[in-house]
A.B. asks: 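After the structure tokens below, expect a handful of questions from me.
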Amino acid sequence: MSVQKLPSHSQDFSDWYNEIIMRAELADTPPRVPEQLRGFMVLRPYGYALWENLQAALDAMFKATGHKNAYFPVLIPMSFIAKEKDHVEGFKPELAVVTHGGGEELTEPLVVRPTSETVIGHMYAQWIRTYRDLPVLINQWGSVLRWEKRTRAFMRTAEFLWQEGHTAHATEEEAEAETLQMLEIYRILAEDWAAVPVLTGRKSESEKFAGALRTYTIESLMPDGRALQSGTSHNLGQNFARAFDIQYQDRDNTLKYCWTTSWGLSWRMLGALIGLHGDDKGLKFPPKLAPIQVVIVPIYRSDEERAAVMGAVDHLKTALSGVRLEVDDREGLTPGFKFNDWEMRGVPIRIELGPRDVAGRVAVVARRDIPDKSGKESVGWDSLGETVQARLADIQAGLFRTAQERRARMTFTASSWDEFMSLVPESGGFGFIRAYWAGDDADEAWVKQAAGGVTIRAFPFDQPTEPGRCIRTGKETTQVAVFARAY
RNA sequence: CGGGGCGUAGCGCAGCUCGGUAGCGCGCCUGGUUUGGGUCCAGGAAGUCGGAGGUUCAAAUCCUCUCGCCCCGACCA
């Protein structure tokens with residue numbers, strides 16, 4: 001309930017982001033003792049409610065595509081992690097290791113899961129016997145731990161809440177179809193629920209998941225022009241099946257290795273929607289995920305007025321059943337204060353209800369996405385429910401459209417290395433650059449070095465039909481890559 | 001891990017150059033007042049001055065070491 005101004009969303013995005021998360025009571029910082037205990041985050045009730053809404057939407061889509069939820073242990077034997085060569089190399093630097101239990105030194109160190117392919121692979125090896133057992137379609141909601149060096153609330157934390165899906169299939173085609181299907185579900189969550197436009201595509205060799213055959217990604221673009229990898233789906237090929245001996249007996253009576261996939265989306269998606277939709281007044285939550293969709297601010301002077309207004313509030317509550325509603329009946333705060341407070345917290349619609357409105361059996365409906373008076377309208381009680389639904393849908397669509405337009409303004413194409421470099425500032429984000437690419441791992445590393453941390457975010461699904469020249473090698477190619485600096 | 005900035009009440013900061021025992025704004029508590037865009041008034045609570053060591057009669061202030069936070073890099077599904 002501070003009256004301090006927020007940092008500017010467009011000018012000082014980093015400051016704005018850190019500040020709004022604390023101010024809106026989405027998250028807080030836990031104690032840092034010992035000093036190495038860094039990068040953890042307390043998710044407060046308002047932030048958790050946002051996560052629950054996201055979770056509900058995503059979980060429903062998982063269930064609708066035949067997946068079931070299960071749960072696996074947090075601690076994984078070190079030897080499991082080491083079974084897949086690329087996997088251990090990728091994760092070793094960020095593992096937290098438990099060496100003691102019950103006061104005794106363990107015979108083998110245990111790793112706090114950085115992801116669960118290994119334990120789940122181990123279990124699948126025991127559960128899968130025949131082609132009739134396939135496919136296995138399981139998802140886990142939980143948290144994982146990766147000892148990250150540079151952390152940032154929601155976007156990169158040491159421990160994070162997420163879901164990880166793990167599936168096993170008889171054929172490569174099925175596994176690939178599953179991988180792409182889950183990426184599409186992530187796209188729907190991002191765009192239709194979080195109102196976050198995302199670029200969909202495949203990761204380069206050097207950016208793919210440790211142990212995967214192919215990694216697909218959804219990439220969003222923050223207002224400061226940095227890319228944020230917002231969800232990934234991996235076709236693991238037979239790498240984990242071989243490492244954990246996940247085999248099935250096929251119709252032809254021979255033993256075959258399964259094809260497995262994994263896919264994960266974390267609370268980083270919340271970071272994306274928090275960062276993307278805000279303005280200098282605070283958050284703007286997309287209605288479909290907003291913890292509070294509508295807040296009613298009652299206005300009165302005398303006790304009689306109070307009684308009349310609060311009576312009307314009860315009436316409106318009934319009219320608005322089905323929306324996530326909060327009544328701000330806090331005493332001693334002026335309406336103006338409450339207006340600003342709820343705007344800061346990102347509530348899409350505010351209803352102002354005072355004696356004048358009660359007399360006319362109307363209420364003032366104010367939109368978070370349209371500032372000041374122009375976003376207000378007086379609506380009769382009878383049509384209030386209908387109007388609110390319509391405005392919520394309109395706000396949802398508007399947030400997405402605005403974000404899409406901004407992304408379009410920050411998406412460039414480069415047809416030569418010089419042109420590419422002219423688009424890249426010395427530091428900080430600048431947007432997406434589309435460019436023809438025929439380079440290899442070494443070329444990618446070279447670009448990263450030469451352009452100060454710019455990487456290939458994805459080879460987008462949206463590819464050109466005309467060939468062009470690779471900005472690095474000069475070779476003719478039909479492949480386009482999208483480059484950016486990432487979070 | 002490199003470069004830069006900063007640690008003083010819950011939050012934002014002043015005081016440090018030139019040592020003398022801590023202050024401002026917001027928030028918080030109490031009472032009153034106000035309530036259609038961040039009410040006003042009065043009273044009050046709250047700080048090992050990031051930590052350790054040193055110099056000194058005396059340290060927020062000077063010296064040494066150390067820890068943390070933020071920003072920019074490196075690292076990172």
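Keep in mind that this is a model prediction, so the values were computed, not measured. Throughout, protein chains are lettered first and strands after them, A, B, ... in sequence-line order, and every chain is numbered starting at 1.
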A.B. asks: Roughly how far apart, to the nearest Å, are B:G15 and B:C49 at atom C1'?
C.D. replies: 10 Å

A.B. asks: Within this structure, what is the CZ-to-C1' distance between A:R23 and B:G38, rounded to whole angstrom?
C.D. replies: 12 Å

A.B. asks: Should A:R457 and A:E207 count as an ion pair when the cut-off is N to O under 4.0 Å?
C.D. replies: yes

A.B. asks: If you assign each of A:G231 and A:G428 to its closest nucleotide in RNA chain B, which residue comes earlier from the 5' end?
C.D. replies: A:G428

A.B. asks: Would you mind classifying the nucleic acid contact of A:P355 as base, sugar-phosphate or nothing, using non-hydrogen atoms under 4.0 angstrom?
C.D. replies: base

A.B. asks: Under 3.5 Å, is there a donor-acceptor pair between the A:E178 and A:T261 side chains?
C.D. replies: no

A.B. asks: Give me the distance, rounded to whole Å, that separates B:C40 from B:U33 when you measure between the C1' atoms they each carry.
C.D. replies: 7 Å

A.B. asks: Give the rounded distance in Å between these two atoms: CD of A:E331 and C1' of B:U33.
C.D. replies: 14 Å

A.B. asks: For A:G90, which contact category applies under a 4.0 Å heavy-atom criterion: base, sugar-phosphate, or nothing?
C.D. replies: sugar-phosphate

A.B. asks: Hey, does A:E343 reach any base, or is it just sugar-phosphate, or nothing, if we go heavy atoms under 4.0 Å?
C.D. replies: base

A.B. asks: Given the C1' atoms of B:C1 and B:A9, what is the spacing between them in whole Å?
C.D. replies: 35 Å

A.B. asks: Measure CD/A:E148 against P/B:G73 and give the value in whole Å, please.
C.D. replies: 17 Å

A.B. asks: Under the 3.5 Å rule, do the base of B:G37 and the side chain of A:K376 count as making a donor-acceptor pair?
C.D. replies: yes

A.B. asks: Give the rounded distance in Å between these two atoms: CZ of A:R350 and C1' of B:G37.
C.D. replies: 8 Å

A.B. asks: With respect to the side chain of A:K373, which nucleotide from B:G37, B:C72, B:C76 is positioned closest?
C.D. replies: B:G37

A.B. asks: Among pairs that include at least one residue of residues 68-81 of chain A, which meet side-chain hydrogen bond (donor to acceptor under 3.5 Å, both in side chains), considering only residues two or more places apart or in two chains?
C.D. replies: A:D59-A:N69, A:N69-A:N139, A:Y71-A:R113, A:S79-A:E108

A.B. asks: Rounding to the closest angstrom, what is the interatomic distance between B:C41 and B:G5 at atom C1'?
C.D. replies: 41 Å

A.B. asks: Any donor-acceptor pair under 3.5 Å joining the side chain of A:D341 to the base of B:G38?
C.D. replies: no

A.B. asks: Is there a Watson-Crick or G-U wobble partner for B:C24 with both distances under 3.5 Å, and which nucleotide is it?
C.D. replies: B:G12

A.B. asks: Any side-chain N or O of A:R356 less than 4.0 Å from the OP1 or OP2 oxygen of B:G36?
C.D. replies: no

A.B. asks: Should B:U30 form a Watson-Crick or G-U wobble pair with both distances under 3.5 Å, which nucleotide is its partner?
C.D. replies: B:A42

A.B. asks: Indicate yes or no: does A:D341 engage A:R330 in a salt bridge with an N to O separation below 4.0 Å.
C.D. replies: yes

A.B. asks: Within 45 degrees of the ring normal and closer than 6.0 Å to the centroid, is that where the cationic atom of A:R268 sits relative to A:F160?
C.D. replies: no

A.B. asks: Using the P atom on both, measure B:C18 against B:G12 and round to a whole Å.
C.D. replies: 29 Å

A.B. asks: Charged N to carboxylate O under 4.0 angstrom, A:D279 versus A:K281?
C.D. replies: no

A.B. asks: Within the pair A:N18 and B:C69, is there a side-chain N or O less than 4.0 Å away from OP1 or OP2?
C.D. replies: no

A.B. asks: Heavy atoms under 4.0 Å, any strand shown: does A:T215 hit a base, just sugar-phosphate, or nothing?
C.D. replies: nothing

A.B. asks: Separation of A:R345 atom CZ from B:G38 atom P, in whole Å?
C.D. replies: 18 Å

A.B. asks: Enumerate the protein-to-nucleotides 39-42 of chain B contacts in which both atoms are nitrogen or oxygen and the separation is below 3.5 Å.
C.D. replies:
unit_1: B:U39; atom_1: OP1; unit_2: A:T334; atom_2: OG1; d: 3.3
unit_1: B:U39; atom_1: OP2; unit_2: A:T334; atom_2: OG1; d: 2.0

A.B. asks: What is the separation between atom CD1 on A:I21 and atom P on B:C70, rounded to the nearest whole Å?
C.D. replies: 12 Å

A.B. asks: Side-chain N or O of A:R226 less than 4.0 angstrom from OP1 or OP2 on B:G73?
C.D. replies: yes

A.B. asks: B:C71, OP1 or OP2 - any side-chain N/O from A:R152 closer than 4.0 Å?
C.D. replies: yes

A.B. asks: Quick check on RNA chain B: between A:K338 and A:A210, whose nearest nucleotide comes earlier from the 5' end?
C.D. replies: A:K338

A.B. asks: Need the pair for B:C62. Rule: Watson-Crick or G-U wobble, both distances under 3.5 Å, any strand; none if unpaired.
C.D. replies: B:G54

A.B. asks: Is there a Watson-Crick or G-U wobble partner for B:U48 with both distances under 3.5 Å, and if so, which one is it?
C.D. replies: none

A.B. asks: Categorize A:Y17 for me: base, sugar-phosphate, or nothing, with a 4.0 angstrom heavy-atom threshold over every strand shown.
C.D. replies: nothing

A.B. asks: Would you kindly give the CZ-to-P distance between A:R156 and B:C75, to the nearest whole Å?
C.D. replies: 12 Å

A.B. asks: Any strand is fair game: report the nucleotide pairing with B:G73 by Watson-Crick or G-U wobble, both distances under 3.5 Å, or none.
C.D. replies: B:C1

A.B. asks: According to ring-ring contact (aromatic ring centres under 6.0 Å, His included), who are the partners of A:F91, at least two apart in sequence or on a separate chain?
C.D. replies: A:H87, A:F209

A.B. asks: At 4.0 Å (heavy atoms only), tell me whether A:V364 reaches a base, stays on the sugar-phosphate, or touches nothing.
C.D. replies: base

A.B. asks: Between A:E89 and A:K92, does at least one N-O distance fall below 4.0 Å, as a salt bridge requires?
C.D. replies: no

A.B. asks: Please report the C-alpha distance between A:D224 and A:R485 in whole Å, then the side-chain angles of each, then the deciding distance to 0.1 Å, and finally whether the salt bridge (Lys or Arg N to Asp or Glu O under 4.0 Å) criterion is met.
C.D. replies: CA-CA 10 Å; A:D224 65 350; A:R485 283 206 179 96; over 6 Å; no

A.B. asks: Say we look at B:G50 and B:C16: how far apart would their P atoms be, to the nearest angstrom?
C.D. replies: 15 Å

A.B. asks: With heavy atoms under 4.0 Å as the rule, sort A:E94 into base, sugar-phosphate or nothing.
C.D. replies: sugar-phosphate

A.B. asks: Could you give the distance from CH2 (A:W263) to CD (A:Q163), rounded to the nearest 0.5 Å?
C.D. replies: 6.0 Å

A.B. asks: A:R301 side chain: which of B:G73, B:C75, B:U35 is closest?
C.D. replies: B:U35

A.B. asks: Is any side-chain N of the basic residue among A:E331 and A:R306 closer than 4.0 Å to the acidic one's carboxylate O?
C.D. replies: yes

A.B. asks: Which whole number of Å gives the distance between the C1' atom of B:C76 and that of B:C63?
C.D. replies: 40 Å

A.B. asks: Round to the nearest Å and state the distance from A:L6 atom CG to B:G38 atom C1'.
C.D. replies: 13 Å

A.B. asks: Expressed as a whole number of Å, how far does the C1' atom of B:U61 sit from that of B:U17?
C.D. replies: 10 Å

